[in-house]
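The figures that follow rest on heavy atoms only: side chains count, while hydrogens, waters and symmetry mates do not. The structure displayed is predicted, hence computed values, not measured ones.
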Amino acid sequence: MRAIAAGCLALGLLVSGCSGADDRSSAPPSSRPAADASPPADSAPSGAAPSTTAVPEPPPGTNDRRGRTAFAEYVLEAWIYALNTNDPKPLLSVSGRKPCDGCGDLVAELKKRREQGWHVALQGVRVASTRISQSGSTSRAVLSVEIPASSSYNDDGTFRAINPAHPGSRFTVEMTHTDGRFRLESFSLY
């Protein structure tokens with residue numbers, strides 16, 4: 001039940017890039033929204049996720065609080081990368097042979113976006129805090145995140161839609177640690 005509810009909430013944000021997409025007659029903003037611009041290096045808040053489309057690399061798999069936090073932040077970065085590029089491979093690469101809970105919905109949504117020829121340009125996600133808990137071999141990280149408004153663009157670079165901000169959101173990652181590395185069991189956004 002928890003996975004279904006979490007998946008529905010995560011899918012809600014995934015498809016938010018569709019909002020306003022039917023209103024193609026509206027003119028794009030005169031410049032891209034501030035949320036899409038990278039802040040100056042000296043003003044970037046601590047915990048800000050990278051704002052590039054560089055492929056994120058998984059961190060070393062140390063099975064301690066620091067390692068769990070780093071892995072959860074990697075999953076967040078891989079999710080942002082997937083939204084920006086329609087490429088779920090970095091996220092899937094850490095979920096094992098059976099895709100994680102949440103991965104299937106993401107893959108289906110991104111496939112639809114590729115076929116329709118558009119993507120989200122999400123930058124400036126900020127991690128406000130991280131809470132780690134453990135139950136048996138599974139660890140759970142709850143990242144309190146501030147997701148700014150973003151824009152969606154067609155593959156030809158034309159403006160598609162503005163997507164609302166999601167302040168005070170929770171990005172939850174469940175993981176297990178085996179053979180010196182973490183495996184993604186599930187992720188959700190609510």
Side-chain angles (χ1 to χ4, degrees), residues 1-21 33 35-36 45 47-53 55-56 58-59 68-96 98-114 118-133 135 138-152 160-176 182-190:
M1 179 68 164
R2 176 182 52 134
I4 293 170
C8 291
L9 292 168
L11 188 56
L13 182 64
L14 282 174
V15 297
S16 70
C18 297
S19 64
D36 285 2
S51 61
T52 66
T53 55
V55 178
R68 291 180 198 105
T69 300
F71 183 76
E73 289 174 354
Y74 165 78
V75 172
L76 176 63
E77 290 172 18
W79 176 76
I80 294 167
Y81 171 83
L83 294 180
N84 287 336
T85 63
N86 291 334
D87 178 8
K89 289 179 195 135
L91 200 56
L92 294 174
S93 72
V94 293
S95 75
K98 180 184 174 207
C100 73
D101 288 343
C103 289
D105 290 338
L106 177 67
V107 167
E109 177 62 27
L110 297 179
K111 179 181 178 197
K112 185 168 61 172
R113 291 177 184 189
R114 277 192 311 274
W118 67 278
H119 66 279
V120 173
L122 175 61
Q123 296 182 16
V125 174
R126 190 176 75 79
V127 177
S129 66
T130 303
R131 191 175 71 236
I132 304 286
S133 61
S135 176
T138 301
S139 297
R140 172 183 253 198
V142 179
L143 286 70
S144 296
V145 295
E146 300 294 324
I147 299 175
S150 62
S151 296
S152 297
R160 180 179 173 90
I162 292 180
N163 312 307
H166 296 275
S169 296
R170 302 284 185 261
F171 192 86
T172 302
V173 176
E174 291 190 1
M175 64 195 94
T176 55
F182 287 103
R183 182 178 70 227
L184 175 61
E185 301 297 338
S186 70
F187 76 93
S188 60
L189 179 72
Y190 56 96

**OP:** State whether the side chain of E174 and the backbone N or O of S139 hold a donor-acceptor pair below 3.5 Å, judged by distance alone.
**Re:** no
Original post:
Should V145 and R126 count as side-chain neighbours, where that means a heavy-atom distance under 4.5 Å?
Top reply: no
Subject >> Interatomic distance, T176 atom OG1 to E185 atom CD [nearest 0.5 angstrom] >> reply: 4.0 Å
Subject >> Residue pair R183, M175: steps toward the side chain to side chain contact (heavy atoms under 4.5 Å, CB included) verdict >> reply: CA-CA 5 Å; R183 182 178 70 227; M175 64 195 94; over 6 Å; no
Original post:
Can R170 and S144 be counted as having a side-chain donor-acceptor contact under 3.5 angstrom?
Top reply: yes
**OP:** Kindly compute the distance separating CG (L122) from NE2 (H166), expressed to the nearest 0.5 Å.
**Re:** 9.0 Å
Original post:
Do R140 and S133 have side-chain atoms, one donor and one acceptor, less than 3.5 Å apart?
Top reply: no
**OP:** Assess whether atom CZ of R114 is packed by more than 12 heavy atoms of other residues, nucleotides or ligands within 6.0 Å.
**Re:** yes
Original post:
Out of curiosity, L184 CG to C103 SG, how far, rounded to the nearest 0.5 Å?
Top reply: 5.0 Å
Original post:
A82: what forms a side chain to side chain contact (heavy atoms under 4.5 Å, CB included) with it, not counting sequence neighbours?
Top reply: L106, L110
**OP:** Specify the closest pair of heavy atoms between P99 and L92, including all atoms of both residues, with the distance to one decimal.
**Re:** CB-CD2, 4.4 Å
Subject >> Polar contact flag, side-chain donor to acceptor under 3.5 angstrom, Y190-S169 >> reply: no
**OP:** Hey, could you give me the CG/OG1 distance between L143 and T69, rounded to the nearest 0.5 Å?
**Re:** 7.5 Å
Original post:
Among side-chain atoms of S151 and N163, is any donor-acceptor pair under 3.5 angstrom?
Top reply: no
Original post:
Does any non-hydrogen side-chain atom of F171 lie less than 4.5 Å from one of V142?
Top reply: no
**OP:** Evaluate the criterion side chain to side chain contact (heavy atoms under 4.5 Å, CB included) for residue pair T172 and L189; output intermediate values, then yes/no.
**Re:** CA-CA 6 Å; T172 302; L189 179 72; over 6 Å; no
Original post:
Who are the ring pair (Phe, Tyr, Trp, His ring centres under 6.0 Å) partners of F182, not counting sequence neighbours?
Top reply: F71, H177
Subject >> Partner set under side chain to side chain contact (heavy atoms under 4.5 Å, CB included) for P90, not counting sequence neighbours >> reply: V55, P56, Y74, A78, Y81, D87
**OP:** May I ask you to decide if K111's main-chain N or O and N86's side chain share a donor-acceptor pair within less than 3.5 Å?
**Re:** no
Subject >> Distance in Å, L91 CG paired with I80 CD1, rounded so as to fall on 0.5 Å steps >> reply: 11.0 Å
Original post:
Do V173 and S188 come within less than 4.5 Å of each other through their side chains, counting heavy atoms only?
Top reply: no
